[in-house]
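Heads up, the thing below is written out as structure tokens.
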2 protein chains.
Amino acid sequence: MDQPTATPARKTVPPSLEEITNRFRTFLATRKLRMTREREELLAAIFHAPRHFEAEDLIRTLKRRDGRVSRATVYRTLALLEECGILRKSLFGRNRHFFESVVGRRHHDHLVCIRTGKIIEFEDDRIEALQEEICRKYGFRMVDHVHEIFGISEEGSAEDDKAKEKAKT
Amino acid sequence: MDQPTATPARKTVPPSLEEITNRFRTFLATRKLRMTREREELLAAIFHAPRHFEAEDLIRTLKRRDGRVSRATVYRTLALLEECGILRKSLFGRNRHFFESVVGRRHHDHLVCIRTGKIIEFEDDRIEALQEEICRKYGFRMVDHVHEIFGISEEGSAEDDKAKEKAKT
DNA sequence: ATAGCTGCAAATCTTTTGCACTCTG
DNA sequence: CAGAGTGCAAAAGATTTGCAGCTAT
């Protein structure tokens with residue numbers, strides 16, 4: 001297993017909050033939409049949030065601040081950020097979703113631990129290439145894809161073992 | 001791009017309703033659960049349903065019959081059928097789900113047309129192998145995975161073109 | 001000024017649950 | 001008969017939306 005390109009360590013630049021804000025501002029302008037205090041606060045919150053977060057995490061964080069942003073605005077803005085290509089929405093278990101910032105980051109997919117909730121990122125150009133090959137075969141124009149692997153991480157197995165110990169009682 | 005195994009046409013047997021029912025009955029027995037009139041009707045409805053269906057489709061279908069099955073029972077039983085390995089739940093767009101019967105069928109993933117809703121099945125052993133390789137690399141035990149490609153099918157593009165024609169008016 | 005925003009609360013949508021009653025093993 | 005399963009309606013969880021008042025441009 002060593003023919004195609006496995007994963008060359010390409011460089012990507014982690015963008016600053018300013019850069020992200022500008023990018024969003026430009027996007028908004030092209031749509032005749034506006035930058036607001038709420039949207040800027042949201043961007044800042046996302047910038048400081050952990051790599052993978054859920055909508056409600058953001059709402060909770062913002063609630064603690066003074067300049068509050070309503071739940072409705074959070075959802076409305078998250079959708080815009082997704083369209084703008086700043087955020088990507090993925091699956092966290094079969095029903096929940098999480099977001100992650102993707103500007104300045106390479107495309108990747110996830111291994112999601114169903115025990116601990118831990119998320120491991122992986123990228124594989126070979127899989128990406130195969131996906132494109134498949135789309136070509138079916139005359140399909142790919143817009144997006146979801147590729148999440150659910151399972152149990154090493155830590156998760158450890159927890160399982162502990163649980164079994166207890167169960168013996 | 002022609003080294004590994006692409007997709008040999010392995011044989012799989014389409015199971016009868018009886019076989020599926022028996023399989024479920026066995027599964028229930030091992031859990032000390034019971035077969036009921038409702039569960040049998042649900043199995044029959046699934047057996048006659050289109051390849052890919054949503055929970056609400058099933059509920060609608062069953063509502064038309066005399067021996068009605070409640071919404072709650074449908075959901076409860078769908079979950080059991082998934083655990084039993086008779087059904088698989090997949091993504092139909094980012095938020096909705098659809099089910100499909102998998103007994104006697106080979107594993108596959110989907111291309112989902114975001115215009116027409118059309119679902120194309122694809123299978124690729126090379127991708128499956130790469131997934132396993134990745135899990136090994138991260139010490140991850142795969143339980144399940146979701147790999148759906150969203151995009152626009154040929155028919156979808158045609159519709160788009162028609163829409164553009166109209167838009168010119 | 002005026003088209004976009006925002007918060008709020010009500011409305012959706014899908015799935016889950018509590019409970020009293022019914023039925024399978 | 002006991003433990004499961006069922007329907008119903010209420011509850012829950014995650015988003016979305018209508019609306020009246022605020023605000024970037």
Side-chain angles (χ1 to χ4, degrees), chain A residues 21-22 24-45 52-84 87 89-99 117, chain B residues 21-22 24-45 52-84 87 89-99 117:
Chain A
T21 307
N22 283 334
F24 192 38
R25 201 185 290 280
T26 305
F27 167 83
L28 291 172
T30 65
R31 297 244 212 149
K32 298 196 193 307
L33 301 180
R34 297 161 187 174
M35 179 53 88
T36 63
R37 191 213 87 220
E38 288 83 353
R39 286 175 180 171
E40 286 197 343
E41 270 188 48
L42 200 42
L43 282 175
H52 306 99
F53 59 88
E54 294 182 78
E56 292 297 323
D57 296 335
L58 228 45
I59 292 168
R60 221 173 300 123
T61 304
L62 288 164
K63 204 163 267 169
R64 280 190 226 108
R65 310 254 171 106
D66 353 295
R68 20 193 56 222
V69 181
S70 73
R71 163 180 264 80
T73 295
V74 171
Y75 278 107
R76 285 190 273 237
T77 306
L78 284 175
L80 286 173
L81 288 168
E82 212 188 327
E83 286 181 61
C84 171
L87 293 185
K89 197 201 261 184
S90 285
L91 287 178
F92 188 49
R94 292 266 183 188
N95 285 302
R96 289 161 70 196
H97 300 98
F98 65 81
F99 289 87
Chain B
T21 306
N22 283 335
F24 192 38
R25 199 184 292 278
T26 304
F27 166 84
L28 291 172
T30 65
R31 298 244 213 148
K32 298 198 194 304
L33 301 181
R34 298 160 185 174
M35 178 54 88
T36 64
R37 191 215 86 219
E38 290 83 353
R39 287 175 177 169
E40 286 197 343
E41 272 188 47
L42 200 42
L43 282 175
H52 307 97
F53 59 89
E54 294 181 78
E56 291 298 322
D57 296 336
L58 228 46
I59 292 169
R60 221 173 301 123
T61 304
L62 289 164
K63 205 164 266 170
R64 279 190 227 109
R65 310 253 173 108
D66 352 295
R68 18 193 57 221
V69 181
S70 75
R71 163 180 264 79
T73 295
V74 170
Y75 278 105
R76 286 190 272 236
T77 306
L78 284 175
L80 285 174
L81 287 168
E82 214 189 327
E83 286 181 63
C84 170
L87 293 184
K89 197 201 260 184
S90 285
L91 286 178
F92 188 50
R94 291 263 184 189
N95 285 301
R96 288 160 71 196
H97 300 97
F98 66 80
F99 290 87

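Residue numbers begin at 1 in each chain, while the letters A, B, ... track the order of the sequences.
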(Q) Salt bridge check, A/R60 against A/E56: does any charged N sit closer than 4.0 Å to a carboxylate O? (A) no
Q.
If the condition is side-chain contact (heavy atoms from CB on, under 4.5 Å), which residues does B/T21 pass it with, not counting sequence neighbours?
A.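 Applying side-chain contact (heavy atoms from CB on, under 4.5 Å) to B/T21 gives B/L17, B/R25, B/M35, B/E40, B/L43.
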Q) With respect to the side chain of B/R34, which nucleotide from C/dG4, D/dG3, D/dT17 is positioned closest? A)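 So the nucleotide nearest the side chain must be D/dG3.
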Q. Is the phosphate of D/dA4, meaning OP1 or OP2, less than 4.0 Å from a side-chain N or O of B/T36?
A.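 For D/dA4, OP1/OP2 do not have a side-chain N/O of B/T36 under 4.0 Å.
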Q: Check whether any side-chain N or O of B/R39 sits under 4.0 Å from OP1 or OP2 of D/dA4, and answer yes or no.
A: no
Extract from the structure each pairing of a protein N or O with an N or O of nucleotides 19-22 of chain D at less than 3.5 Å, listing the distance.
none

Q. Which comes earlier along DNA chain D counting from the 5' end, the contact point of B/K32 or that of B/V69, where each point is its nearest nucleotide?
A.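 So the residue in question is B/K32.
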(Q) Using the salt bridge (Lys or Arg N to Asp or Glu O under 4.0 Å) criterion, which residues pair with B/R64? Sequence neighbours excluded. (A)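 For B/R64 there are no salt bridge (Lys or Arg N to Asp or Glu O under 4.0 Å) partners, ignoring immediate neighbours.
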Q: Mind checking salt bridge (Lys or Arg N to Asp or Glu O under 4.0 Å) for B/R68 and listing every partner two or more places apart, or none if nothing turns up?
A: none
**Q.** Residues from residues 52-64 of chain B lying under 4.0 Å of DNA chain D - heavy atoms
**A.** none
Q: Just say parallel, tilted or perpendicular for the rings of B/H52 and B/F98, cut-offs at 30° and 60°.
A: perpendicular
**Q.** Helical bend (five base pairs per end, nearest 10°) for the helix from C/dA1-D/dT25 to C/dG25-D/dC1
**A.**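 Its terminal axes enclose an angle near 30°.
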Q.
Return whichever of A/L33 or B/R71 has its heavy-atom-nearest nucleotide of DNA chain C closer to the 5' end.
A.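 Final value for this comparison: A/L33.
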Q: Please tell me which of B/Y75 and A/R68 maps to the more 5' nucleotide of DNA chain C, matching each residue to the nucleotide holding its nearest heavy atom.
A: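 Looking at DNA chain C, the more 5' nearest nucleotide goes with A/R68.
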